[in-house]
Amino acid sequence: MTPRLFSRPLVVVAVTLFACTAIFVSACSSSGSSSSSVKQSGVVVSNAWTPESATAADYGSVYVTIENTNAIVDKLFSASVAQSFAKSASIQEGAVNAGPGATMSMKDVTSVTIPANGTVTFESGGYHVMLAGFAAPLKSGQKFDLNLGFMNAGIIKVTVTVKAS
Ligand SMILES: [Cu+2]
C-alpha cells in the first residue's frame, strides 16, 4: 500500500506543515496523564488528548493510545469530529527529516495498522489526528468527541481532553 502524499492542494499542505511544526514543539513539554478509555470489540482506545491552542492556531493534533486485544490485526482508517467543532479531521504521520535543522514534516495516511495483541501510540512527531478549521480556539480542560473508524472494531467514539501545553 502506497500512501498518497499530497491528496490536497499544495498550498493547504504547506500551511499544515508550518502549523504542525509549531504544535509538535509545544506538545513535547506536555505530560501524558491517563484519562478514560473505551473498549469495543476488543480494541481499547485511551488517553485521547490535544494541546491547548495558541491564540490564532487553526490546526491541532490529537494523540491517542490504541490497543488491539484481538488475535487478528485491525486497521484505523477514519477519524471525524462534529463539523460545528472543526471543519476537517485526517490521520497523519509526522517524521523528523534527516540533515541539519531536524525539521519535521507530515503526510496523510490512508490507514494505521494496529497489530494483533499490539498497541500503537499516537504521539508528537508520529501518528496523530490532524484537526483543522476550529470554530474557536481550544482551551485547557475542554472536552470533545472524536470518532475513530476501524476495519473490524467499527466506529469507536472517544472523548478528547484539551490540556495546557
Ligand atoms: Cu498533522
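Each ligand, and each atom within it, is numbered from 1 in the order the structure gives. Computed from a predicted model, the values in this text were never measured in an experiment. Sequential numbering from 1 along the given sequence is applied to the chain's residues.
Considering the Cu ion (ligand 1) as centre, the angle to OE1 of Gln92 and to SD of Met130 is 100° (10° rounding).
The only option from Val81, Thr50, Thr159, Ile156 that meets the side-chain contact (heavy atoms from CB on, under 4.5 Å) definition with Leu146 turns out to be Val81.
Although no hydrogens or angles enter the test, the distance criterion places no donor-acceptor pair under 3.5 Å between the side chain of Asn70 and the main chain of Ile72.
In His128, the N, O or S atom that comes nearest to the Cu ion (ligand 1) is NE2.
Phe85 meets the ring pair (Phe, Tyr, Trp, His ring centres under 6.0 Å) test with Phe134, Phe144; sequence neighbours excluded.
With a cut-off of 2.8 Å, the Cu ion (ligand 1) has an N, O or S atom of Met106 in range.
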Using the rule given for side-chain contact (heavy atoms from CB on, under 4.5 Å), can you reason through Ile66 versus Phe122, listing the C-alpha separation, both sets of side-chain angles and the distance that settles it, and then say yes or no?
CA-CA 8 Å; Ile66 302 169; Phe122 284 32; 4.0 Å; yes
